[in-house]
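Both ligands and their constituent atoms are indexed starting at 1 by order of listing. Because the structure is a prediction, the values reported are computed rather than measured.
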Amino acid sequence: MTERITPASRLRGRMRLPGDKSISHRYAMLGAIAEGTTLIRNYAINADCNSTLECLHGLGVPSAHEGNELTIGGYGLEEPVGLLDAGNSGSTIRMLSGILAAQPFTTRITGDESLSRRPMERIMRPLEAMGASIRAREGRYPPLEIRGGKLHPIDYTLPVASAQVKTCVLFAGLYAEGVTTVRQPVPTRDHTELAVREFGADIEVREGVIAVRGPARLRARELEVPGDLSAAAFFLVAALLVEGSELVLEQVGLNPTRAALLDFLTGMGADIRIPRLAQRAGELVGDLVVRHSRVRGGLIEKALAAALIDEIPVLAVLGAASEQGLTVRDAAELRVKETDRIATLAENLQRMGVAIEVHPDGFHVSGGQRFHAAELDSFGDHRIAMAAAVAALAADGESTVSGAEAAAVSYPDFFRALAGLRS
Ligand code: S3P
């Protein structure tokens, strides 16, 4: 599907973002293994979170949707009959593997073409150290064959800054007898720590060291998923770029381990305010009011690169329009996302006549550049599709984004929501 996008004169309005993708995966998986039926309000309805539900369904976990309200679990897991399919979702395969490694059966789990090229040894190593036996294509790619069993706790230092890997080990730790410890050299999103505590497990977090005690007895909960800040990022940048814009984004998740985005943007001079803040199930939630602003530009490196990893494609667009440009370093992880995001975002910017200097672990885009209308491509990557659409709003004519359906991986309604803000 190709979307046509004309330059926007201004963006105005109030909107609700879909439920947070990261939190939805975690609540569904924990709901699946907890005692009793869990109710999740504002569950993210998108291809990735559906992949989690389908895999859980394959494991005998019932779930039912009523709008975006989901009920799930209550009966434990069963040995799957066939191959589980995680689709495009790295979170599904990596986080669920932690649970599968502890089951008294063997599970085979695969994914689409993109997921089948993404590295899995990062979860295989710790799970094997806990006693699971895992086979993978070429020793590192899906499909995975996970022979589960009794696990023992480990003390594990994350070699990559990855919340998916952290979650995988902590989920496995829920089953191991004793204390499983995960040490993270760089902070990553802490939705798992908060959710596991909400479901009743004994978990302690101190200065980058997380300790969970197993076997944990999880109890069903009623929870509400906040709006997705990573989805909000596209609208924040769109409003900052397009003159005369003002948007109110309601009920967005503002967990401090994700909200580095807001500090980064306001640090560059963005006019973003948070009039109200509340806490739900340990997660901070608030409305965001954003107005068009001239931004200075900035540097993303070290811990900030991990904190902003999903937002970098759209921040590159803002960087090109900023006064001083944007430099990104220490972000080689971008190369093993749904696409090699350094390559795909650079390709789209270059098609628009934007100069970008690419490095193995990042890029530099100088400021004050203009976007020329162009034929852009999602390359099958949801965040690349949405970042391209935002750049197109600021172009000098009509652009197209082909493969736009990729947005449905995290945000099926994205193009309609964007169109609805034009005035
Ligand atoms: C996620 C963690 C990040 C992020 C992904 C979601 C999560 O991946 O890019 O979109 O929900 O834990 P890594 O853990 O691979 O960095």
Side-chain angles (χ1 to χ4, degrees), residues 18-30 43-44 46-49 51-52 86-99 111 114-115 117-126 140 142 156 158-171 182 184-196 210 225-226 228-234 253 255 257-258 260-261 283 300 302-315 328 330-342 344-345 361 381-387 406-407 409-411:
D20 187 276
K21 182 160 84 73
S22 287
I23 298 175
S24 296
H25 285 301
R26 288 157 169 84
Y27 285 176
M29 290 181 199
L30 291 168
Y43 185 79
N46 59 45
D48 267 14
C49 293
S51 292
T52 286
N88 192 244
S89 178
S91 297
T92 304
I93 194 167
R94 294 199 180 117
M95 304 198 299
L96 193 57
S97 293
I99 293 172
S114 153
L115 189 60
R117 288 193 303 266
R118 296 181 66 188
M120 296 297 144
E121 69 275 28
R122 54 182 65 192
I123 56 152
M124 293 167 64
R125 295 293 90 85
R140 65 192 301 233
Y156 193 66
L158 292 178
V160 273
S162 166
Q164 291 176 356
V165 178
K166 171 175 67 176
T167 302
C168 172
V169 180
L170 293 174
F171 280 180
V182 179
Q184 41 176 6
V186 167
T188 61
R189 61 192 73 193
D190 69 355
H191 305 302
T192 300
E193 294 87 312
L194 298 174
V196 157
I210 306 129
V225 181
D228 195 319
L229 181 58
S230 298
F234 297 98
N255 178 311
T257 59
R258 296 276 293 283
L261 171 69
E283 295 282 356
I300 299 175
K302 299 182 184 145
L304 193 56
L308 297 180
I309 200 75
D310 290 342
E311 287 71 60
I312 289 174
V314 76
L315 291 174
V328 175
D330 305 321
E333 274 293 302
L334 287 172
R335 296 209 179 264
V336 290
K337 292 291 176 188
E338 287 82 332
T339 57
D340 172 346
R341 285 186 174 156
I342 296 179
T344 49
L345 79 86
D361 70 338
D381 184 330
H382 57 128
R383 298 199 204 279
I384 296 298
M386 295 187 277
V409 158
S410 63
Y411 198 164

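The nearest pair of heavy atoms linking Ala331 to Ile312 is CB-CD1, 4.3 Å.
Shown are Arg26, Arg189, Arg258; of these, the side chain to side chain donor-acceptor pair (under 3.5 Å) with Asp20 is made only by Arg258.
In this structure, the side chain to side chain contact (heavy atoms under 4.5 Å, CB included) partners of Pro159, at least two apart in sequence or on a different chain, are Tyr156.
A salt bridge is defined here as a Lys NZ or Arg NE, NH1 or NH2 lying under 4.0 Å from an Asp or Glu carboxylate O, and Asp310 with Lys21 fails to meet this definition.
Residues His25 and His191 have side chains not in contact (no heavy-atom distance under 4.5 Å, counting atoms from C-beta outward).
For the residue pair Thr92 / Ser51, no side-chain donor-acceptor distance below 3.5 Å is found, with atom types taken as modelled.
Each of Ser22, Arg26, Ser91, Arg94, Ala161, Ser162, Ala163, Gln164, Arg189, Ile309, Asp310, Lys337, Arg383 has a non-hydrogen atom positioned under 4.0 Å from some atom of ligand 1.
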